[in-house]
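In this text the structure is predicted, and so the values were computed from the model without any measurement.
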Amino acid sequence: MDDSPDPSSLPPHPPWVVAIGASAGGLEALQQFFAALRHPAGAAFVVIQHLAPDHKSLMAELLARHTALPVCTAQDGMALAPNQVYLMPPGVSMSLAADTLHLEPRPAQGLALPIDHFLLSLTQPAPERVVAVVLSGSGSDGSVGADALRRAGGYVLVQAPDSAKFDSMPRSVMASTAVDAALPPAALAELAQEIVRGESARMGQGDLLASRQLRPALQRIFDLLLEHGRIDFSVYKLPTVLRRLERRLLVTRAANASDYADQLEKSSEERERLRRELLIPVTSFFRDASAFDALSRQVLEPLLLERRGQPIRLWCAGCASGEEAYSLAMACVETAERLGVSASIKVFGTDVDPQVLDIATQGRYPAITAEVLGQERLERFFVRQGELWMVRPELRQLVLFARHNLLDDAPFTRMDLVACRNTLIYFQTAAQERLLRRLQYALLPGGTLFLGASESLGPIQAEFSTLDGLHKIYRLERPVATASALRDAFASSARVARPQHAGPTPSHARSLIDQGLHQLMSAWLPASLLISAQRELIHAWGPTRRYLRMPEGEGSLDVMRMLPERLGPVVLHLQHLVQADRQAHRSAPVQLDIDGVAHRLVVHAQPLDAGHALDGVLVSIEELALPEVADGVETRPVDTVSALEQELSATRQSLQATIEALESSNEELQSTNEELMSSNEELQSTNEELQSVNEELYTVNAEFNAKLDALNALNADLEGMAQATGLATIFVDQALCLVRFTPEAAMLFRLRQSDLGRSIEDFNSLLDYPGLSADLRQALHQDTPIERMVDGPHDTRFMASMVGYSHLPGRPRRAVVTFIDITRVRDASLLQDLIDSLPEHIAVLDPQGTIRRVNRAWSDFARANGGEHSPMVAVGANYLAVLARSGHPLARATLTGLQEVMAGRQPEYRQVYDCHGPSELRWFAMHARPFPTRGGGLVVTHFRLPGQPAEAAP
């Protein structure tokens, strides 16, 4: 029995969505994009633009001219359908949920980022069926949404910057995420359709490892990536690598992996895209909230109570864009506040991808990413900036981000907690074990390892005890202690640090010289320190171990913190003196206890010129013999000791005052710096808002320019039509002032182009039309046309036709009057009236013998005597054809005679024939002469003869 599910019962695939964001300069790019689409496109296209709230967009009309797809303006609750274009209306923010568009009012204040807002809504639930296209525009709208969509599995395409009128938006997206392609708009349309249809070649199915072509191609790809980014992807799990690699094959249209390896070898840009494709920076704030709750209760609370103000070090390995590192810091702060204890927290966030670390360093996250924190945490740790939430400085200071390769770089050390969640799952088993050993090495005894839900300790399970098996929280019981483990922890970094070309091995004599020099320095050289102008230790010689100590907390090379309490201020004072006058100085003897042993020291300081402003100071510590004591009393005079103590006290007071002044100045500078940063952020926000308004204005201007081009074309068509018709036409406004006129009207009214704007009543026309102004005023107030017959010059006749119209609703009306020359029509009417008054039967034939005009006598006789055959001699009938078909004895001779006249061989033709009626005998005479026109023809006349003519007698 087949237990497979019924296909009809499975949920249908959601439609492909192509989201297109455009701003300034985007109209032309949109037109090129849609003009290149093939039909059917196979996806729903959603266009998001920067539009002013009160702008009436013309985009639907303008785009409809460049695509066969239906174009409509989106409405709230409208479901997406394939092969349709949806335009975001002005004044709203748009999102997509359950394949349905949702509109909400645009915020009255703050920066509007409609492209980011819509793209972020596409990250759920099927981002793998989304193609984001970012076209021309200024600003950075779209970069945050494109990055989130790309990380969720969607495709991101951008317009090639060199083809965009404004390249800020495409470049911003390219800087924030790994785009799949950067091409001109027409090529983007073709690529988007190929992605939607899956037309590009794929690697295929089956055992990919066994493929003879795939193995060498993959090795080439791994070698190229290792050389490009110092990351060995061969240790990553192969199915994951192949899925991501297949995506790049689809986008680049490579035929197979070998073809793609060839492309990779030629293009450093593609190597960077693949590198970022294989690095999967998926993270979120407080991912798996129950695990963080368990971590706070079982680890952070005991740790904070135990330390009580002492430094606590946490390492977030593979932190991606920083959400988890900030989550650890927030958890520590909240736990410390809940317990009422002070805490010195330092979180180290590391990742191998410097671009996602840039996001973490900036600490700016979209609202849809940060909303999982809840309103209380957002207000406590973040500041709202438009569509983004920015980490507050007090939280940012707790987290230090750095680039770090878990498998190649030396691990951090002395950590209280290491969080490495959902990173191990991407590595093969051998690499997982190696990474876990490094994490074990990084922990203090009793430290905590925090893994992801799908990860385990594997071979190092015995080294840890389980605090919470469900949430993968482990305590280190046995630190790394074997030499082999330590060598493994630093093996890779040592290989990187070793020069590629080692020099020759030093000779035995040189080795003896170096050993002798070392012994001399140890035996005779006093403890000496080379200190930079920033009081950092550069180098040390001699027996300095007794004086230098590494302080607790964050690592530092500050000499003030490394030297004993009484010795540090003395060294610092001498350094200031040396830097001030560039002379050598010597301190008074200083007596102090080191590890319970009394020492009497003198400090020497001298400048060490290096040829630049940041010269160092060389400090030497000379140890003096202690004063002799007899029976508990020093042999040195008491007044000398007192003077030295007073001098030392004064020096300490002066130094303390200097330190306090420096601290005060530092605080003031820090406060000023924070104010400047705040002002800069406000200015930047204002600048972005102004930029957004400018983009909206540019979009409106582009639409108006397109509409103006269409109107110019229409105006040119109107001018051409007016010239082709040759009609005298005049346009007037409500005050009867001239708006436009044709050349024919200029001749009737004696007009010039400079007369535009003057009243028509100011001109005397050649027409006999005194009621023109009155008729025009009447036409301005009605929709029905007004027609008049008026006389013109030289016995001409015109028909004046005028009508009123409105070019915009609610605006003053205008009127147009056209004068049609009907002189020929009048003359033709007079001619017809003339021949109708004659009793003879008259017909006018054209050169082909077709009857073109007859008089009333001809028509009446034909109807009275022809019966049903009367149309044979009516207008439009061919008279010669009628004669050719006639059976009358004279028909053939008559046809020949008419043809002779038409050919010009005879001046005329006469014929007498009988046409008897039912009750009488009738004889008629036919007379045919050429018609005196340029085209030629005949005038045929029939008239009845009285009585019986002699030539007709039998």
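Among all heavy-atom pairs drawn from Tyr86 and Ala44, the shortest one is CE1-CB, 4.1 Å. For the residue pair Val196 and Trp16, the shortest heavy atom distance occurs at O-NE1, 3.6 Å. The two residues Ala146 and Val173 have their closest heavy-atom pair at CB-CG1, 3.8 Å. Of all non-hydrogen atoms in Pro170 and Gly137, the two that sit nearest each other are CD-O, 4.1 Å. The minimum heavy-atom distance linking Ser296 with Arg338 is given by the pair CB-NH2, 4.3 Å. Nearest heavy-atom pair across Cys332 and Leu314 is SG-CD2, 3.9 Å.
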- Message: Test side chain to side chain contact (heavy atoms under 4.5 Å, CB included) on Arg421 and Cys316; report intermediate values, then the result.
- Response: CA-CA 9 Å; Arg421 309 183 69 216; Cys316 181; over 6 Å; no
- Query: Under the side chain to side chain contact (heavy atoms under 4.5 Å, CB included) criterion, do Phe450 and Leu417 qualify, and how do the steps go?
  - Reply: CA-CA 7 Å; Phe450 187 23; Leu417 170 69; 4.2 Å; yes
- Message: If you apply the rule side chain to side chain contact (heavy atoms under 4.5 Å, CB included), what do you find for Arg273 with Thr252, and how did you get there?
- Response: CA-CA 11 Å; Arg273 292 193 185 101; Thr252 58; over 6 Å; no
- Query: What's the verdict on side chain to side chain contact (heavy atoms under 4.5 Å, CB included) for Met94 and Leu101, showing C-alpha distance, side-chain angles and the deciding distance?
  - Reply: CA-CA 7 Å; Met94 186 165 65; Leu101 294 172; 4.1 Å; yes
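In summary, the side chains of Ser290 and Asp288 do present a donor paired with an acceptor at a separation below 3.5 Å, with no hydrogens or angles considered. A donor-acceptor contact closer than 3.5 angstrom links the side chains of His50 and Ser23. Judged by distance alone, the side chains of Tyr260 and Glu270 do bring a donor and an acceptor atom under 3.5 Å apart.
Here CD of Gln355 is found 9.5 Å from CG of Asp147. Values are rounded to the nearest 0.5 Å. We find the CD1-CZ distance between Ile20 and Phe118 to be 10.5 Å, quoted to the nearest 0.5 Å. In this structure, the separation between CG on Leu424 and CZ on Phe427 is 7.5 Å, given to the nearest 0.5 Å. Rounding to the nearest 0.5 Å places CG of Leu278 at 5.0 Å from CZ of Phe233. Of the inter-residue distances, the one linking Leu119 atom CG with Ile48 atom CD1 reads 6.0 Å to the nearest 0.5 angstrom. Expressed to the nearest 0.5 Å, how far CZ of Arg271 lies from CG of Leu274 amounts to 10.5 Å.
Looking at His102 and Leu96, their side chains never come closer than 4.5 Å, going by heavy atoms from C-beta outward. With a 4.5 Å cut-off on side-chain heavy atoms, Pro127 and Arg129 do not count as touching. Looking at Leu183 and Leu191, their side chains come closer than 4.5 Å, going by heavy atoms from C-beta outward. Residues Asp180 and Arg150 have side chains in contact (heavy-atom distance under 4.5 Å, counting atoms from C-beta outward). In this structure the side chain of Leu149 reaches within 4.5 angstrom of the side chain of Val130, judged on heavy atoms. Inter-residue side-chain proximity for Phe45 and Gln84 is flagged as unmet; no heavy-atom pair is nearer than 4.5 Å. Contact check for Val133 versus Val18: side-chain heavy atoms found under the 4.5 Å cut-off. Residues Leu157 and Val134 have side chains not in contact (no heavy-atom distance under 4.5 Å, counting atoms from C-beta outward).
Between Glu337 and Arg380, at least one side-chain nitrogen of the basic residue sits less than 4.0 Å from a carboxylate oxygen of the acidic one, meeting the salt-bridge criterion. Salt bridge absent: Asp353 and Arg403 never bring a charged side-chain N and a carboxylate O closer than 4.0 Å. One finds a salt bridge joining Arg377 and Glu334 here, because a Lys/Arg side-chain nitrogen approaches an Asp/Glu carboxylate oxygen to under 4.0 Å.
Between the side chain of Lys165 and the backbone N or O of Ser136 there is no donor-acceptor pair closer than 3.5 Å. No donor-acceptor pair closer than 3.5 Å links the side chain of Thr335 to the backbone N or O of Val333. Formation of a donor-acceptor pair under 3.5 Å by the Asp468 side chain with backbone atoms of Ile473 is not found in this model. At least one donor-acceptor pair closer than 3.5 Å links the side chain of Ser163 to the backbone N or O of Ala160. Judged by distance alone, the side chain of Gln49 and the main-chain N or O of Gly21 form no donor-acceptor pair under 3.5 Å. For the pair Arg396 (side chain) and Thr361 (backbone), a donor-acceptor distance under 3.5 Å is present. Proximity of a side-chain donor or acceptor of Asp141 to a complementary backbone N or O of Asp116 within less than 3.5 Å is detected. Remark: the backbone N or O of Gln263 is not paired with any side-chain donor or acceptor of Ser267 at under 3.5 angstrom. Using modelled atom types, no side-chain atom of Asp351 and backbone atom of Leu357 make a donor-acceptor pair closer than 3.5 Å. Counting only distance, with no hydrogens or angles, the side chain of Ser121 and the backbone of Ser95 share no donor-acceptor pair below 3.5 Å.
For the ring pair (Phe, Tyr, Trp, His ring centres under 6.0 Å) with Phe285, the qualifying choice from Phe382, Tyr326, Phe292, Trp389 is Phe382, the only one to do so.
Other residues, nucleotides and ligands contribute only 12 or fewer heavy atoms inside 6.0 Å of the CD atom of Glu269.
Taking the salt bridge (Lys or Arg N to Asp or Glu O under 4.0 Å) definition, one finds that Glu455 meets it with nothing, sequence neighbours left out.
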